[in-house]
Amino acid sequence: MTDLPKRRRGRPTKEEAAAREAAAKAAAEKEAKETAFLDELLARPIGPRKTKLQPDEDTLRALAEIARLFGTQEEAAAILGVSPRTLTNFFNAYPDAREVWDDGLMHAKVSLRRKQMALADKNAPASIFLGKNYLGQKDENHTNLN
């Protein structure tokens, strides 16, 4: 992650603005690179269903990219051109493939959490939601019956 200057009140300096702009540009380029593979995979014409998957680099990368989008195994099977049962058998036969899938899901969760935390800086309800769910905070209702 790029070291950005600390946020402060008021208008950012030229250096701060340039650093933030460079970080945003780098993030956009990285995301474009990551989504290009999946876009290419989705653009392929639908062919006849395969009966077996091989644990080659393209298959494992496709599984990781689909999992990073919180895709389901049924969606992954459709994209790879196999039945959901074939994909399940593939995961059982190749533990590395299951590990790639699980790692992709963990990356998706971390990415979502990072975006939630960034949103909490600007959105009070998001901060309240995160506090209640992750910090165990709760609303206290006090009623006086006298």
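The structure displayed is predicted, hence computed values, not measured ones.
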Rounded to the nearest 0.5 Å, what's the gap from CZ on F91 to CG on D96? Could you check?
-> 12.0 Å
Test log, rule side-chain contact (heavy atoms from CB on, under 4.5 Å), inputs Y94 and L53 = CA-CA 10 Å; Y94 299 100; L53 286 173; over 6 Å; no
Heavy-atom pair with the smallest gap, counting every atom of P84 and E74 = CG-CG, 4.2 Å
Rounded to the nearest 0.5 angstrom, the CD-CD1 distance for Q73 and I66 is 10.5 Å
Supply the atom-to-atom distance L119 CG to K115 NZ, rounded to the nearest 0.5 angstrom.
-> 11.5 Å
So, do K132 and I128 sit near enough that their side-chain heavy atoms are less than 4.5 Å apart?
-> yes
side-chain contact (heavy atoms from CB on, under 4.5 Å) partner of V110, chosen from R114, M106, R113 = R114
Please report the closest heavy-atom contact between S127 and A120, naming both atoms and the distance.
-> OG-O, 2.7 Å
Should S111 and H107 count as side-chain neighbours, where that means a heavy-atom distance under 4.5 Å?
-> no
Give the minimum heavy-atom separation between F90 and A97, together with the two atoms involved.
-> CE2-CB, 3.3 Å
Could you please spell out the steps behind the side-chain contact (heavy atoms from CB on, under 4.5 Å) verdict for W101 and L60?
-> CA-CA 8 Å; W101 178 261; L60 296 178; over 6 Å; no
Closest heavy-atom pair and its distance - F129, Q116 = CE2-NE2, 3.9 Å
Which heavy atom of A76 sits nearest a heavy atom of L63, and at what distance?
-> CB-CD2, 4.2 Å
Is the backbone N or O of T13 less than 3.5 Å from a side-chain atom of E16, with the two atoms forming a donor-acceptor pair by type?
-> yes
Whether E65 side chain and A62 backbone form a donor-acceptor pair below 3.5 Å = no
Just checking, is any N or O donor in the side chain of N89 or T86 under 3.5 Å from an acceptor N or O on the other one?
-> no
